[in-house]
Amino acid sequence: MWKFLFILMVGVVSSCHVGRFFIYNFADHSDYKKFPERAIKKEGESFTFDREIRAEPLVYPQSKFESFGHYLNENKTLSYAVIKNDTLVYEWYAKKYDETSTVTTFSLAKSLVSLLIGCAVDEGKIQSIDDPIRKYLPEMKADGTDKISIRHVLNMSSGFASNESYYNPFGEVAKFYYGRQLEKYVYDLEMDLEPGAMMRYKSSDTQILGLIIEAATGKKLADYMEEKFWSKMGMEYDASWSLDKKNGTEKAFCCLNAKTLDIAKFGKLLIQKGKWNGEQLISEEWLSNIYNPKRMFKGYSMQWWLYEDKDEAFVAQGILGQYLYINPNKKTIIVRFGKDWADIPWWSHFPKVAAYYN
């Protein structure tokens, strides 16, 4: 009897997002193994960066660490790559990791979702980012949602009530991450601010973008990623996007699962202003929105984090310290994936490394 009750209790707990929060605990770099997924297939000949491995960047406390690799390892890094002028100049992987290892992007994926919105605009599937979100998602009925535009959502200023706590099992993030009804969660959102009033980071805004892409294009988010980028950018490996349930909805706000150097290729694409092998995969006009001097908010634009400096570098970043740093002026890309942020102030770290290889 007790055994039966225990099994029943485990089943009930694991069937809801709160139960899965306690079972899985905090987000982990190997979470891609826990969720159903939709495949993203590579096609054609693979592109590989030229390799000219140079001396390690001396941007760490050398009195405390034996090498830059030791520094990365002690600070919970899994993979780290620096690309300068299309050449891989530094590459490091933790023990049991290499270039074939899958990494979970977490919120780094948010920035890539914004590129897919750009593709849908370029195609005319989305007429304008000033369109109201209800044009594509009429299921959103909460008061005030008729005033929210795609632009508001792209800039994290939708006005939806926010609870971006990663430690609250009853909060929005836990529900979106561990729950199995993403569309319902989005349609149940309530507002507490006027759209555009302020930038307030929240995963629900990116999930809305994912649903808009699906509604506008008639394609699943992973399939659209495959069509627009993965099949055209010489990716070396297949990828996947985690789902809320089997055959369900992509977790657009996180959870694109890929290899380190394939993610770096998005940096190359953006440095080349949207071109790949002579084909304009995404318009230069769309990409100009990222570092638009008339952007809505300082330091953030179109799902990308910005450096407010002369280099005009920008970053896609995710929880646990997943980073894609792109510096167009120095033609430098840095990718870092980890188990945790650890003790490195990554935002000040990346410009030092970019300058070192200048």
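Quantities reported herein were computed from a predicted structural model and do not represent experimental measurements.
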Report the C-alpha distance between Tyr201 and Ser107 in whole Å, list the side-chain angles of each, state the deciding distance to 0.1 Å, and finish with yes or no for side chain to side chain donor-acceptor pair (under 3.5 Å). CA-CA 11 Å; Tyr201 184 87; Ser107 289; 3.1 Å; yes
Checking salt bridge (charged side-chain N to carboxylate O under 4.0 Å, His left out) for the pair Glu250/Lys220: CA distance, chi angles, key distance, verdict? CA-CA 8 Å; Glu250 286 87 345; Lys220 297 295 186 181; 5.7 Å; no
Could you give me the CA-CA distance, side-chain angles and deciding distance for Lys251 and Asp244, then say whether salt bridge (charged side-chain N to carboxylate O under 4.0 Å, His left out) is met? CA-CA 7 Å; Lys251 301 180 185 188; Asp244 61 348; over 6 Å; no
Working for salt bridge (charged side-chain N to carboxylate O under 4.0 Å, His left out), residues Glu99 and Arg51: CA-CA 13 Å; Glu99 64 182 36; Arg51 275 180 164 82; 2.6 Å; yes
Apply ring pair (Phe, Tyr, Trp, His ring centres under 6.0 Å) to Phe176 and Tyr178, showing your working. CA-CA 6 Å; Phe176 273 57; Tyr178 291 115; over 10 Å; no
Where do Asp192 and Phe160 land on the side-chain contact (heavy atoms from CB on, under 4.5 Å) test, with the steps shown first? CA-CA 6 Å; Asp192 64 352; Phe160 284 117; over 6 Å; no
Quick one: do Ser242 and Asn257 satisfy side chain to side chain donor-acceptor pair (under 3.5 Å)? Show the steps, please. CA-CA 8 Å; Ser242 296; Asn257 312 303; 3.2 Å; yes
Could you walk me through whether Tyr224 and Glu226 pass side chain to side chain donor-acceptor pair (under 3.5 Å), step by step? CA-CA 5 Å; Tyr224 200 55; Glu226 180 180 303; over 6 Å; no
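A side-chain donor-acceptor contact under 3.5 Å links Asp28 and Ser30. A donor atom on one side chain and an acceptor atom on the other are not found under 3.5 Å apart for Asn329 and Lys310. When only modelled atom types and interatomic distance are considered, Tyr136 and Asp131 share a side-chain donor-acceptor pair under 3.5 Å. Looking at Thr100 and Asp98, their side chains do bring a donor and an acceptor atom within 3.5 Å of each other. In the model, Ser149 has no side-chain atom that pairs as donor or acceptor with a side-chain atom of Asp130 under 3.5 Å. Side-chain contact, Asn327 with Tyr325: a donor N or O sits under 3.5 Å from an acceptor N or O. There is a side-chain donor-acceptor pair under 3.5 Å between Ser240 and Glu37. Side-chain N/O atoms of Arg336 and Ser79 include no donor and acceptor closer than 3.5 Å. Looking at Tyr60 and Gln62, their side chains never bring a donor and an acceptor atom within 3.5 Å of each other. Lys135 and Gln127 form a side-chain donor-acceptor contact under 3.5 Å, judged by distance and modelled atom types alone. Side-chain contact check for Tyr177 and Asp31: at least one donor-acceptor pair (N or O, by modelled atom type) lies under 3.5 Å.
Of the charged side-chain nitrogens involved, none lies within less than 4.0 Å of a carboxylate oxygen, so that Lys298 and Glu308 do not count as a salt-bridged pair. Lys273 and Glu285 are not joined by a salt bridge, as no carboxylate oxygen comes within less than 4.0 angstrom of a charged side-chain nitrogen. A salt bridge between Glu236 and Lys259 is absent, with no side-chain N of the basic residue lying under 4.0 Å from a carboxylate O of the acidic one. The existence of a salt bridge linking Lys228 and Asp223 is excluded, since no basic side-chain nitrogen approaches an acidic carboxylate oxygen closer than 4.0 Å. Between Glu227 and Lys219, at least one side-chain nitrogen of the basic residue sits less than 4.0 Å from a carboxylate oxygen of the acidic one, meeting the salt-bridge criterion. A salt bridge does not link Lys141 to Glu139: none of the charged side-chain nitrogens sits closer than 4.0 Å to a carboxylate oxygen. Salt bridge Asp238/Lys41: present, at least one basic N to carboxylate O contact under 4.0 Å.
Not a single donor-acceptor pair under 3.5 Å links the side chain of Gln317 to the backbone N or O of Leu108. Judged purely by atom type and a 3.5 angstrom limit, Thr332 uses its side chain to pair as donor or acceptor with the backbone of Lys330. Judged by distance alone, with hydrogens and angles left aside, the side-chain atoms of Trp241 form no donor-acceptor pair with the main-chain N or O of Met225 at under 3.5 Å. Counting only distance, with no hydrogens or angles, the side chain of Ser114 and the backbone of Met302 share a donor-acceptor pair below 3.5 Å.
Cation-pi geometry between Lys76 and Trp341 is not satisfied (NZ or CZ under 6.0 Å from the ring centre, within 45° of the ring normal). Both tests hold for Lys175 against Tyr185: distance to the six-membered ring centre under 6.0 Å, angle to the ring axis within 45°.
Under the salt bridge (Lys or Arg N to Asp or Glu O under 4.0 Å) criterion, Glu56 pairs with no residue at all, not counting sequence neighbours.
Under the 4.5 Å side-chain heavy-atom criterion for ILVMFWY residues, a single connected hydrophobic cluster contains both Phe266 and Phe47.
Other residues, nucleotides and ligands place no more than 12 heavy atoms under 6.0 Å from the NZ atom of Lys339.
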